[in-house]
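Each chain gets a letter, A, B and so on, in the order its sequence line appears, and its residues count up from 1. What you see is a predicted model, and the numbers here were worked out from it, not measured in a lab.
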Amino acid sequence: LPLSTSTFDYSSYHTLDEIYNFMDLLVAENPNLVSKLEIGRSTENRPLYVLKFSKGGSNRPAFWIDTGIHSREWVTQASGVWFAKKIVQDHENDQVLASLLDTMDIFLEIVTNPDGFAFTHTKNRMWRKTRSKHSGSICVGVDPNRNWDAGFGGSGASSNPCSETYHGPYANSEPEVKAIVDFVKSHGNIKAFVSIHSYSQLLLYPYGYTRTPVPDQKELHEISEKAVAALTSLYGTQYKYGSIITTIYQASGGTIDWTYDQGIKYSFTFELRDTGRYGFLLPAKQIIPAAEETWLALQVIMQHTLDNPY
Amino acid sequence: TETFVGHQVLRIIPTSDEELQKVQELQDLEDLQLDFWLEPRGLGLPVDVRVPFPSLQPLKVHLEANGISYSIMIEDVQELLEQEQTEMLRSSRRG
């Protein structure tokens, strides 16, 4: 295992243990900025870790980022590791980051579905869901992006436990989802929520479960336009943006529909690279470019959140 | 560990409502064990589907019989997985 986050290889994919070790190194190297919270336990009793970046204060407004909720989307967990190091490296010299951290905290959950992620490394690289076993179903796992209490069980999710988009027996049945729900509710002051997936190069905002536009549609669309322009400016990666239901399809029980309905106005989902050559098997040499371009888009959302307190 | 020797990922871009409908119907053919990496979303939007080796021929015949064109995005999934594993091992040795 690397001895410091400076020798960690950000241009490679890593196992769950290596990522958890990275987190501990980052906390140990930056005790005045980074701490590690355990917000719950997964179905197979793995800890659900969230990194907190804070310059102090208590219960300050916060910016949430999660990666890896669909375990096979490896470029997202790898990007999450890169974001964590970037925040530490730039928290004083980057104007957006420095000003955000002056008044807000950042929460980053890198491995949101550890059971599924461990399974992709050991048994089935293509695994997407959680690893829960619910009575009455012959198949394992629930799609953690269909399990939220927002249009739960509606069309755009499957009631078939063997489907990749199985919504689960009831909303928040998955401990990985429930842990975030409880954290968001108990914190009560999260102002932006970004859930990162791959692939197909999209920046999406609510809703997915209904065609009714969100009240803040105009603002979210404008933010998306600026964020995508920033992302594309680095390597020319083309993104589409819009609401989930108009840009891809109807999806019920989705993360950011729930967070938006909790009052977190700046709720977004990214679908990172690939354009259609490798799919989920994006070569490791594309991790850093994908993370770098995504970071530019995240900074646009951070700046807007900072400039528009609510 | 599950292996994916001979699995291919096909890319289908439905260009008509009828084609989109046909592709959506594939999602119900459970015995083909198709894994939709990108689900059918709309006209002109790619559908990427991982096809286990035993289902390759039947699916290709079905698509061609319905005049639905497709391309092969990944010739052999297992080959890419092995490259990925090799790369990870190389990195951990570098570390």
Side-chain angles (χ1 to χ4, degrees), chain A residues 1-4 7-15 17-18 21-22 70 72-75 78 119-128 139 156 158 160 162-165 198-202 240 244-251 271 274-287, chain B residues 1-5 7-14 20-21 23-24 26-52 70-95:
Chain A
L1 293 174
L3 299 178
S4 101
T7 57
F8 188 88
D9 185 355
Y10 297 91
S11 63
S12 176
Y13 291 116
H14 291 276
T15 64
D17 288 345
E18 288 169 340
N21 177 65
F22 163 82
H70 283 148
R72 66 181 174 185
E73 301 167 5
W74 278 16
V75 67
F119 200 71
T120 61
H121 279 274
T122 54
K123 294 287 188 302
N124 181 343
R125 171 68 178 80
M126 294 301 152
W127 193 260
R128 158 190 167 102
C139 289
S158 171
N160 173 359
C162 300
S163 163
E164 291 292 356
T165 57
S198 80
Y199 65 99
S200 60
Q201 300 178 194
L202 300 168
K240 291 193 175 87
I244 295 167
I245 196 162
T246 58
T247 311
I248 41 176
Y249 42 50
Q250 182 156 21
E271 289 281 355
D274 157 77
T275 49
R277 171 67 191 85
Y278 299 99
F280 299 119
L281 304 178
L282 193 71
K285 62 178 181 285
Q286 290 198 39
I287 293 171
Chain B
T1 303
E2 187 128 0
T3 62
F4 301 89
V5 177
H7 291 218
Q8 289 189 336
V9 176
L10 304 187
R11 167 157 283 201
I12 305 164
I13 302 183
L20 184 60
Q21 161 97 24
V23 176
Q24 282 165 334
L26 292 175
Q27 291 184 285
D28 302 326
L29 304 180
E30 286 193 11
D31 52 329
L32 286 179
Q33 294 285 304
L34 301 179
D35 174 16
F36 281 86
W37 284 14
L38 292 183
E39 291 180 37
R41 295 169 285 173
L43 298 187
L45 293 176
V47 176
D48 294 344
V49 54
R50 175 174 61 83
V51 186
Y70 62 86
S71 60
I72 299 175
M73 177 172 139
I74 296 177
E75 286 280 350
D76 187 324
V77 171
Q78 187 60 31
E79 211 171 282
L80 266 188
L81 288 184
E82 282 159 11
Q83 285 173 27
E84 189 175 72
Q85 283 302 315
T86 305
E87 178 53 41
M88 282 180 74
L89 281 175
R90 194 178 298 142
S91 158
S92 55
R93 268 193 222 115
R94 275 199 303 266

For this session: Please look at A/W74 and chain B and tell me whether the side chain, the backbone, both or neither of the residue comes under 4.5 angstrom of a heavy atom of that chain.
Result: side chain
Problem set entry | side-chain contact (heavy atoms from CB on, under 4.5 Å) evaluation trace for B/H7 with A/M126 | CA-CA 12 Å; B/H7 291 218; A/M126 294 301 152; over 6 Å; no
Exercise. Given a strict heavy-atom distance threshold of 4.5 Å, which part of B/L38 is in contact with chain A: side chain, backbone, both, or neither?
Worked result: both
Exercise. Are any side-chain N or O atoms of A/S12 and backbone N or O atoms of B/M88, one a donor and one an acceptor, separated by less than 3.5 Å?
Worked result: no
Exercise. Using non-hydrogen atoms only, which part of A/Y199 is less than 4.5 Å away from chain B: side chain, backbone, both, or neither?
Worked result: both
Problem set entry | From A/L281 atom CG to B/E79 atom CD, the distance as rounded to the nearest 0.5 Å | 12.0 Å
Exercise. For chain A, which of B/D48, B/V9, B/L81 has the most heavy-atom pairs under 4.5 Å?
Worked result: B/L81
Exercise. Side chain, backbone, both or neither: which part of A/T165 has a non-hydrogen atom closer than 4.5 Å to chain B?
Worked result: side chain
Seminar exercise, completed: Output for pair (A/E164 CD, B/Q27 CD), nearest 0.5 Å, gives 11.0 Å
Problem set entry | Pairwise distance OG(B/S92) to OH(A/Y13) - rounded to 0.5 angstrom | 15.5 Å
Problem set entry | Heavy-atom proximity to chain B below 4.5 Å, by part of A/Y278 | both
For this session: Please test A/F280 against B/L80 for side-chain contact (heavy atoms from CB on, under 4.5 Å), starting from the C-alpha separation and ending with a verdict.
Result: CA-CA 10 Å; A/F280 299 119; B/L80 266 188; over 6 Å; no
Problem set entry | Nearest heavy-atom neighbours spanning A/R277 and B/I74 | O-CG1, 3.7 Å
Exercise. When you look at B/L45 and A/Y249, which way does the side-chain contact (heavy atoms from CB on, under 4.5 Å) test go after all the steps?
Worked result: CA-CA 11 Å; B/L45 293 176; A/Y249 42 50; over 6 Å; no
Exercise. Heavy-atom distance under 4.5 Å to chain B: side chain of A/K240, backbone, both or neither?
Worked result: side chain
Exercise. Hey, what do you get for OG1 (A/T120) to CD (B/E2), rounding to the nearest 0.5 Å?
Worked result: 12.5 Å
Exercise. Given a strict heavy-atom distance threshold of 4.5 Å, which part of B/F36 is in contact with chain A: side chain, backbone, both, or neither?
Worked result: backbone
For this session: Heavy atoms only: give me the nearest A/A284-B/E87 pair and the separation to one decimal.
Result: CB-CG, 4.0 Å
For this session: Counting only heavy atoms closer than 4.5 Å, note whether B/E30 contacts chain A via side chain, backbone, both or neither.
Result: side chain
